[in-house]
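A short worksheet on the structure shown next.
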Amino acid sequence: MMQNSPVLRVAIAVPLRALFDYLPAKGISIDDLKPGIRLRVPFGRGERIAVLVEIVQQSGVAPELLKPVAEILDKTPMLDSRYIEFLRWVAGYYHHPSGEVILTALPVYLRKGEAPVEKTEKAWQLTEAGRELGVDDLKRAPRQQQIMQFMQHHRDTVGRQQLSERFDNFQAALKSLVDKGFLRQTEKNLGQLPIHPASPSPSLTVQQQQAVDAVLEQSGFQVSLLFGVTGSGKTEVYIAIANAILARGQQVMVLVPEIALTPQLVSRIQARVSEPLVTLHSGLSERERSYAWQQAVSGEARLVIGTRSAVFTPLPETGLIIVDEEHDQSYKQQEGFRYSARDMAVALGKEKNCAVLLGSATPSFESLQNAYRRNYQLLRINERAGNASLPKIDLIDIRSVRLDGGFSPVTRRLIAEELQKDNQVMVFLNRRGYAPVLTCHDCGWVSECPRCDARMTLHAGKKRLWCHHCGHQQPVPPKCPECGQQNLTTLGQGTEQIETVLSRYFPDTSCVRIDHDSTRKKGSMHEKLEAIKTGKHQLLVGTQMLAKGHDFPNVTLVVVMDVDAGFYGTDFRSSERMSQLLMQVAGRAGRADKTGRVLIQTRHPDHPLLHLLIQQGYEAFSRQALHEREQALFPPYGFQVLIRAEASQSELPEKFLESAHQLADDAAKETIAFWGPVPAAMQRKKGVHRFHLLLQTPSRAALHDFLHRWLPEIERLPQAKRVRWSIDVDPQDFYS
Ligand code: ADP
Ligand code: ZN
Ligand code: ZN
């Protein structure tokens with residue numbers, strides 16, 4: 001009997017709810033085995049990287065079936081045991097396999113078993129000749145010219161990582177520049193985080209200062225909701241609080257929706273915080289990401305700015321967690337481990353006993369309700385900072401108006417007036433491409449996607465039909481594939497078309513489009529934003545990418561082309577989403593000395609919620625909309641769990657969900673409402689049929705108890721193996 005041999009309980013990233021037991025390899029001292037170290041273990045026919053969770057004296061598995069670990073990868077733990085406990089709690093909350101959750105906290109590089117990064121990176125410096133090079137000297141080599149401009153702007157030694165964030169395929173250009181003697185290659189120690197002297201802060205407004213004080217006055221765990229209108233200077237509040245916390249010797253975590261979309265926020269924080277900071281986002285290579293993570297975890301970096309997954313960076317000395325634009329949907333992971341980084345930021349604040357600051361001009365209804373109920377401290381800023389005032393919003397009734405290229409005559413005239421005054425105008429339409437449908441005038445054929453219950457969008461520039469749901473593409477047919485006539489026309493509009501229309505109206509005005517298609521190239525978003533700032537373009541057309549947090553002082557008019565789809569959307573969050581988008585877009589107008597105006601084209605000018613939003617603002621709107629949700633026990637009054645199932649045979653997912661529903665006991669049915677199975681809003685996507693079963697109840701505890709009993713039973717259903725299914729706790733999106 002191996003009574004005294006301890007058993008290593010480890011986490012492995014596999015879709016099974018269990019942890020796994022192993023024996024220590026021969027000759028290993030148990031003192032070297034601390035929870036949080038990585039191991040290589042045999043698993044199935046291969047090997048996996050595992051994280052040691054705990055050492056136990058006995059296993060539920062017979063000793064002769066236990067295998068020894070293959071290799072020990074770390075001397076010191078990657079994750080501390082308290083943090084591992086937190087991750088196990090997270091796994092329980094989302095009913096997601098704890099092995100996958102625990103390994104999520106490690107950067108991919110370390111998850112693969114690589115040794116921690118401890119290296120220098122290649123870097124480049126300007127030579128004497130490079131410093132003196134004129135802007136036009138490299139006209140024939142635009143990529144080289146861009147790089148030289150970037151280098152001259154930075155003056156410093158610039159590392160590979162920084163270049164890769166800005167440029168695609170820069171290697172050849174760099175080599176030429178070195179060959180020509182403008183740059184010299186050197187090395188940069190990744191270990192030295194640049195420390196910049198912080199530039200001075202503006203003196204805060206009264207409301208900004210009150211918000212700062214309110215957060216700093218409290219100690220321990222506390223959540224504050226900074227509800228500040230667009231342009232109210234929330235970033236200044238974040239910076240002031242962050243600097244105070246850093247001065248106390250604690251670390252700060254800042255979560256942002258998408259770094260590529262908001263480079264301004266990152267550079268503003270960088271300019272004003274003098275302690276070492278790192279960014280964590282998808283633009284980094286695996287090694288770079290791992291290195292930034294290591295610096296944060298070692299405490300060398302004091303502030304971390306990152307997107308969603310950065311919430312799982314185990315900072316040892318967390319004193320503050322900031323979630324900027326906390327309403328943003330990108331905080332919710334929509335596949336695999338479906339967590340909400342905003343919710344986990346709050347949970348983490350509780351675990352770390354520190355302050356959490358959620359900020360938005362349009363907070364999520366969940367957070368607002370927490371504030372109204374005083375679970376969160378509500379901090380309002382209802383004025384814009386500096387000399388700016390809030391824009392005036394007008395509805396343009398387009399019911400009986402002849403639209404030209406989507407614009408009403410009034411809209412067109414007001415745009416012209418603004419351009420004449422040398423102001424910038426932003427036109428917003430949340431649909432990319434040229435037109436959402438191509439159709440045959442003669443027989444009614446429409447451009448349906450062969451794999452989805454959806455239409456393919458016409459992209460005129462690329463001359464292709466393109467499904468935005470599955471990525472399927474095909475050339476635009478020269479004639480109707482159905483009847484052969486050449487009477488194909490488009491219905492509706494996308495940003496590409498709006499750009500064309502505006503160029504026709506205003507041929508002498510420079511127009512820039514910002515959407516997913518026009519910003520694919522690395523660094524192009526950054527370049528376009530700069531060009532807008534410097535006034536190169538007067539007309540800006542874009543999707544929601546243009547609505548996110550940008551600060552363009554010269555934009556005085558914002559036009560919203562089509563607001564109606566959002567208010568009549570398919571799920572109970574549609575109007576919340578639309579109002580957020582609308583307020584955020586509107587918030588781009590009049591952010592400096594010039595007053596702003598917003599025009600909203602609509603066919604439903606009498607829609608009561610739209611009126612409330614425009615006349616009384618987002619808060620009044622939220623109270624009314626929350627009241628409606630309370631009647632229906634929708635979140636945040638009820639709690640939901642969505643079970644999704646899909647398969648290529650249409651009847652399988654529905655049958656599976658029916659059987660799952662039947663497994664629910666009567667006690668559960670008394671407290672929990674079961675809706676479905678129903679087909680997903682888009683039943684067929686990528687050739688796969690999708691069904692939903694939704695659970696809703698006012699009692700979160702009852703729901704979780706039930707799930708703990710029910711999920712293992714579902715897993716044992718024979719049909720479970722014939723479909724792909726998943727569980728989504730606090731689902732946000734019923735469409736995907
Ligand atoms: P928000 O994130 O709330 O939309 P920002 O932080 O982007 O607002 O601030 C909007 C603009 O106001 C920025 O140009 C910022 O520099 C300026 N600003 C913020 N606070 C002040 C202040 N106290 N005094 C002067 N200008 C300020
Ligand atoms: Zn036809
Ligand atoms: Zn498709």
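Read the numbers this way: they start at 1 and go in the same order the structure lists the ligands and their atoms.
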Within the structure, is a non-hydrogen atom of [X] found at a distance of less than 4.0 Å from ligand 1?
X: Gly228; value: no
X: Ser201; value: no
X: Arg268; value: yes

Item to complete: Mark up the atoms of ligand 1 that fall under 4.0 Å of a heavy atom belonging to Glu236, in ascending order.
Response: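 The list of qualifying atoms is 19 (C), 20 (N).
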
Worksheet item: Aromatic rings His459 and His468: how do their planes relate, parallel, tilted or perpendicular, breaks at 30° and 60°?
Response: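 Geometry flag for His468 against His459: perpendicular rings.
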
Which part of [X] is near ligand 1, with near meaning a heavy atom under 4.0 Å away: side chain, backbone, both or neither?
X: Pro202; answer: side chain
X: Ala361; answer: neither
X: Arg384; answer: neither
X: Thr235; answer: both

Taking 2.8 Å as the cut-off, does [X] contribute an N, O or S atom near the Zn ion (ligand 3), distance below it?
X: His472; result: no
X: Cys452; result: yes
X: His468; result: no

Worksheet item: Would you call Glu646-Lys685 a salt bridge at under 4.0 Å N-O?
Response: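 Here Glu646 does not pair with Lys685 in a salt bridge, since their nearest N and O are not under 4.0 Å apart.
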
Worksheet item: So, are Glu418 and Lys421 salt-bridged, with charged N and O less than 4.0 Å apart?
Response: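 So Glu418 pairs with Lys421 through a salt bridge.
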
Worksheet item: Below 2.8 Å, any N, O or S contact between His441 and the Zn ion (ligand 2)?
Response: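 It does not; every qualifying atom lies at 2.8 Å or beyond.
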
